[in-house]
Amino acid sequence: MDIVIIGGGLAAAKAAAALRENGHDGALTIIGDEDRLPYERPPLSKDVLLGEGTLDDAVVQPQEWYAEHDVRLVTGTEVERLDVEGHRVHLADGQVVPFDKAVIATGARPAVPDAIAGGADAFFLRNAADVERLSAAFADASSVVVVGGGWIGLEVAAAARHHDLETTVVLRDDVPLEKVMGERIGGYFASLHTSHGVTLRSGERVDAVTARTVKLGGGEVLEADVVVLAVGATPNVELAQEAGLLVDDGIVTDEHFATSHPDVYAIGDVAATLHLGRGHAVRVEHWDDAVRQGEAVAQVLLGQDVAYDWEPYFFTDQYDLGMEYVGHGSGDDDVVVRGELDDGSGEGEFIVFWLHDGVVSAAMNVNIWDVQNDLRALVGREVDPDRLADPAVELSDLA
């Protein structure tokens, strides 16, 4: 069985590794449009932008691994067309790669809303080229405006302050992360950033950006040496759409990662995959899902009965705060805090639970480690909020 993986990121690299580790001995090709080895994205907005790590540190497998495992790696080449009926991948350079099974792992790109004029002129942080460009700009800058108060926007702001840059974050909601974490915990992250010198412009509409300006809805223009647009991501579905695959905010797949064509699968940021536990499709743009889906689709291709049923996980590091989050909560959920929120220093230790109709929908541990398995076990369970909040009750006794 010849397998082609379209996309050169973490999910693709993990799928290829799992295929070889589980005994696949057919032809195996990875095709990526970046002229780089597959790498992990979390270090870009963390270690690399902080200047505490390099892109080489983010590489999934070294160059020699691909030769040693007979994996053909094609980099710096775009896929022009996916012929699902003819089972061929047509590359922009004229190559044609046949396949028995194909896996699409084309990821996502930064969102540039039509409502923001000139959005493409701003800086972004999505891939290796972006972080190289942004790092160079930081080195020559004294001020930064970040448009967007999500995870990437906040990590960029924390990195900017690490470099002693005057930093402003413009967000549409009243507090960062409000739709995901609610007003109380979003307010905590607001305090975290303002206590470290970030200016927050909350409740603002952005009408236009240039490389050095942000025009707000009321007409005010903010000026900075660097403007970063961080307002979400758009899945790269065009190749799948042109191939006739079903697309709806991602490439639609079943719980086994199969698309509307039986010989084509999709994983990672681009895939809207049926989650057995939730009963509907979800598209998750996190490191953990890229790893797990890459490994799982390999098992599926080799005939094993593996299905998507795990809870999403992600982590962030900002200033002295390190946290892990599991589940899929909402800003409208009830919030229970175990421990005490600090004054915004980021040095406190606490756990937050989100509950929907009494059921734990998500949990987050801040500066407390080795509790993720316990928290994961609680997601989807109905638990007494008083017991969740009581540090005297062991987490392992709540499940």
Just checking, is any N or O donor in the side chain of Gln318 or His196 under 3.5 Å from an acceptor N or O on the other one? no

Pair Thr199, Val169 - check side chain to side chain contact (heavy atoms under 4.5 Å, CB included), show working. CA-CA 6 Å; Thr199 298; Val169 175; over 6 Å; no

Only residue of Ile3, Asn22, Val297 satisfying side-chain contact (heavy atoms from CB on, under 4.5 Å) with Leu302 is Asn22

Are Phe189 and Trp151 an aromatic pair, judged by ring center distance below 6.0 Å? yes

Residues passing the side chain to side chain donor-acceptor pair (under 3.5 Å) test with Glu347, sequence neighbours excluded, are none

So how far is it from Leu73 CG to Ile31 CD1, rounded to the nearest 0.5 Å? 10.0 Å

Does Arg201 pair with Glu220 as a salt bridge, N-O distance under 4.0 Å? yes

Would you say the side chain of Val206 lies within less than 4.5 Å of the side chain of Leu216, judging by non-hydrogen atoms? yes

Taking Asp374 first and then Arg376, would you say they form a salt bridge - that is, a charged N and a carboxylate O separated by under 4.0 Å? no

Between Lys179 and Asp173, is a salt bridge (charged side-chain N to carboxylate O under 4.0 Å, His left out) present by the stated rule, with each step listed? CA-CA 8 Å; Lys179 289 184 175 62; Asp173 294 328; 2.9 Å; yes

Sorted by chain and number, sequence neighbours left out, side chain to side chain donor-acceptor pair (under 3.5 Å) with Thr194 holds for none

Cationic N near anionic O, under 4.0 Å, Arg292 to Glu295: no

Using 0.5 Å steps for rounding, measure from the CG atom of Leu49 to the CD1 atom of Ile152. 10.0 Å

Are more than 12 heavy atoms, taken from residues, nucleotides or ligands other than Glu382, located less than 6.0 Å from that residue's CD atom? no

Under a single-linkage definition using a 4.5 Å side-chain heavy-atom cutoff for Ile, Leu, Val, Met, Phe, Trp and Tyr, are Leu200 and Val227 assigned to the same hydrophobic cluster? no

Checking His256 against Tyr308: is there a side-chain donor and acceptor pair closer than 3.5 Å? no

Are any of the side-chain nitrogens in Arg81 or Glu242 under 4.0 Å away from the carboxylate oxygens of its partner? no

Answer yes or no: does atom CZ of Arg36 have more than 12 heavy-atom neighbours from other residues, nucleotides or ligands under 6.0 Å? yes

Assess whether atom CD of Glu340 is packed by more than 12 heavy atoms of other residues, nucleotides or ligands within 6.0 Å. no

Going by distance alone, is a donor N or O of one side chain under 3.5 Å from an acceptor N or O of the other, for Thr210 and Asp121? no

Fellow cluster residues of Leu355, listed by chain then number, with links counted only when side-chain atoms sit under 4.5 Å apart: Val326, Val336, Ile351, Phe353, Val360, Ile368, Val371, Leu375, Leu378, Val379, Val383, Leu388, Val393, Leu395, Leu398

Count the heavy atoms belonging to other residues, nucleotides or ligands that lie under 6.0 Å from CD of Glu78, then report whether that count exceeds 12. no

Connected via hydrophobic side-chain network under 4.5 Å: Leu341 and Met323: yes

With a 6.0 Å cut-off (strictly less than), is the heavy-atom count around CG of Asp248, excluding the residue itself, greater than 12? no

Is Arg20 salt-bridged to Glu68, going by a charged N under 4.0 Å from an acidic O? no

Group every Ile, Leu, Val, Met, Phe, Trp and Tyr by side-chain heavy-atom contacts under 4.5 Å, then state whether Val71 and Leu91 land in the same group. no

Shared ILVMFWY cluster between Val337 and Met364, side chains joined below 4.5 angstrom? yes

So among Gln61, His69, Gln63, which one has a side-chain hydrogen bond (donor to acceptor under 3.5 Å, both in side chains) with Trp65? His69

Less than 4.5 Å apart, side chain to side chain, heavy atoms only: is that true for Arg283 and Pro235? yes

What residue among Ile30, Leu301, Val4 forms side-chain contact (heavy atoms from CB on, under 4.5 Å) with Val103? Leu301

Using side-chain heavy atoms (C-beta onward) and a distance below 4.5 Å, is Trp354 in contact with Asp334? no

Hey, which of Val146, Thr316, Val198, Leu177 is the one that makes side-chain contact (heavy atoms from CB on, under 4.5 Å) with Leu154? Leu177

Answer whether the closest heavy-atom distance between the side chains of Ile267 and Asp289 falls below 4.5 Å. no

We want to know whether Trp310 and Asp288 form a side-chain donor-acceptor pair, criterion being a heavy-atom distance below 3.5 angstrom. no

His87 side chain to Asp263 side chain, donor-acceptor N/O pair below 3.5 angstrom: yes

Return yes when atom CG of Asp370 has more than 12 non-hydrogen atoms of other residues, nucleotides or ligands closer than 6.0 Å, and no otherwise. no

Kindly determine whether Trp369 and Asn367 satisfy side chain to side chain contact (heavy atoms under 4.5 Å, CB included), including the steps that lead there. CA-CA 6 Å; Trp369 309 112; Asn367 296 334; 4.3 Å; yes

Beyond-backbone contact of Thr273 with Phe257, side-chain heavy atoms, under 4.5 angstrom: yes

Would you call Arg41 and Glu34 a salt bridge, taking side-chain N to carboxylate O under 4.0 Å as the test? yes

Test: Arg212 and Asp225 ion pair at under 4.0 Å: yes

Should we say atom CD of Glu52 is surrounded by more than 12 heavy atoms from elsewhere, each under 6.0 Å from it? yes

Would you say the side chains of Asn365 and Glu324 form a donor-acceptor pair under 3.5 Å? yes

Would you say Leu37 and Tyr66 make side-chain contact, with heavy atoms under 4.5 Å? yes

With a 4.5 Å heavy-atom cut-off, do Tyr188 and Glu183 have their side chains touching? no

Polar side chain donor-acceptor pair, Glu155 to Ser45, under 3.5 angstrom: yes

Is any NZ, NE, NH1 or NH2 atom of the basic residue among Arg126 and Asp269 found under 4.0 Å from an Asp or Glu carboxylate oxygen of the other? yes

Within the structure provided, determine whether Phe99 and Leu82 are in side-chain contact (heavy-atom separation under 4.5 Å). yes

Run the numbers on Phe124 and Val228 for side chain to side chain contact (heavy atoms under 4.5 Å, CB included), then give the verdict. CA-CA 6 Å; Phe124 300 93; Val228 182; 6.0 Å; no

Arg278 bridged to Glu311 by N-O distance under 4.0 Å: yes

Test: Arg161 cationic atom under 6.0 Å from Tyr319 six-membered ring centre, within 45° of axis: no

